[in-house]
Amino acid sequence: MSTLYEISEDLRALHELLEETGGDISDPADQDVIDKYLAEGEKALDQKVEAYCRLIREFEAQGDARKLEADRIRRRSQSADRAAKNLKERLLFFMQEQKMTRLETPNFDISVQKSGGVLPIEFVGEVPPMYCKPGEPNRTAIRNLLESGDDVSFARLGERTNSLRIR
């Protein structure tokens, strides 16, 4: 089977032949040669384009199948992450109920620790517009007020939460 490039070359050669004869194909020998040439070229072109289209469809189908598989794996990953998070929360709850801050097993060191970083801000009322930036409260300005001891009726600093560390 000819390649598309070969078919293209054949069609270009046919074009040149027709230009050389001025488009006159009245000679039966020329008609026969051109008819065979066109029939072969058309058949090869149809076969090659058909094969290309099948290849395109195959790649599209592979892409679709891979997208579905990626979605399936992503959902399984999210499920595993959710399960790990929930189990970790339950272990933290258990250790806090038992007043345990550390536990060593043959393969793991587990500890309950206070979360780091800045204290969370708890809002207990409507935030005045002067303490808002577009769309949300200005947490930095509110935190500065709370940390300096100013009386802020709509917010307070929260408590640090505990987190579970597994090593």
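Keep in mind that what you see is a predicted model, and the values were worked out from it rather than measured.
In summary, E69 and R72 engage in a salt bridge, as defined by a charged side-chain N under 4.0 Å from a carboxylate O. We find that K85 and E89 are joined by a salt bridge, their nearest charged nitrogen and carboxylate oxygen being less than 4.0 Å apart.
Under a hydrophobic-cluster definition in which Ile, Leu, Val, Met, Phe, Trp and Tyr are linked whenever side-chain heavy atoms come within less than 4.5 Å, directly or via other members, V127 and L119 are assigned to the same cluster. A single hydrophobic cluster is seen to contain both I121 and M130, as judged by linkage of ILVMFWY side chains at heavy-atom distances under 4.5 Å, directly or through other members.
In this structure, CG on L146 lies 11.0 Å from CZ on R139, to the nearest 0.5 angstrom. Expressed to the nearest 0.5 Å, how far CD of E97 lies from CG of L92 amounts to 10.5 Å. To the nearest 0.5 Å, atoms CD1 (I166) and CG (L91) are separated by 6.0 Å. For the atom pair CZ (R167) and CD1 (I110), the distance works out to 11.0 Å, reported to the nearest 0.5 Å. Separation of atoms CZ (R143) and OG1 (T140) is listed at 7.5 Å; rounding is to 0.5 Å. With values rounded to the nearest 0.5 angstrom, N162 atom CG is found 10.5 Å from S111 atom OG.
V152 and L145 make their closest contact through CG2-CB, 3.8 Å (heavy atoms, listed as atom of the first residue, atom of the second, distance). Residue E159 comes nearest to P120 through the heavy atom pair O-CG, 3.5 Å, listed as atom of the first residue, atom of the second, then distance. Of all the heavy atoms in S153 and V124, the pair that sits closest is O-CG2, 3.4 Å. Between K114 and R160, the shortest heavy-atom distance links the atoms NZ-O, 3.9 Å. When all heavy atoms are compared, the tightest approach of M95 to T101 is CE-C, 4.2 Å. For I142 against A155, the heavy-atom pair with the smallest separation is CG2-CB, 4.0 Å.
In terms of modelled atom types and a separation under 3.5 Å, the side chain of S148 and the main chain of N144 share a donor-acceptor contact. Between the side chain of S115 and the backbone N or O of T161, at least one donor-acceptor pair lies under 3.5 Å.
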Begin from the C-alpha positions of R102 and E104 and carry the test side-chain contact (heavy atoms from CB on, under 4.5 Å) through to its verdict.
-> CA-CA 7 Å; R102 187 168 180 81; E104 288 185 35; 3.9 Å; yes
Might you work through the side-chain contact (heavy atoms from CB on, under 4.5 Å) test for R57 and E60, ending with a clear yes or no?
-> CA-CA 5 Å; R57 290 290 190 243; E60 288 174 341; 2.8 Å; yes
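Side-chain contact check for M100 versus F94: some heavy-atom pair is nearer than 4.5 Å.
Cluster note: L68 groups with no other residue, as no ILVMFWY side-chain heavy atom lies under 4.5 Å from it.
For residues 144-167, every residue pair satisfying the ring pair (Phe, Tyr, Trp, His ring centres under 6.0 Å) rule, not counting sequence neighbours, is listed here: Y131-F154.
Every residue was checked against the side chain to side chain donor-acceptor pair (under 3.5 Å) condition with S163, not counting sequence neighbours, and none meets it.
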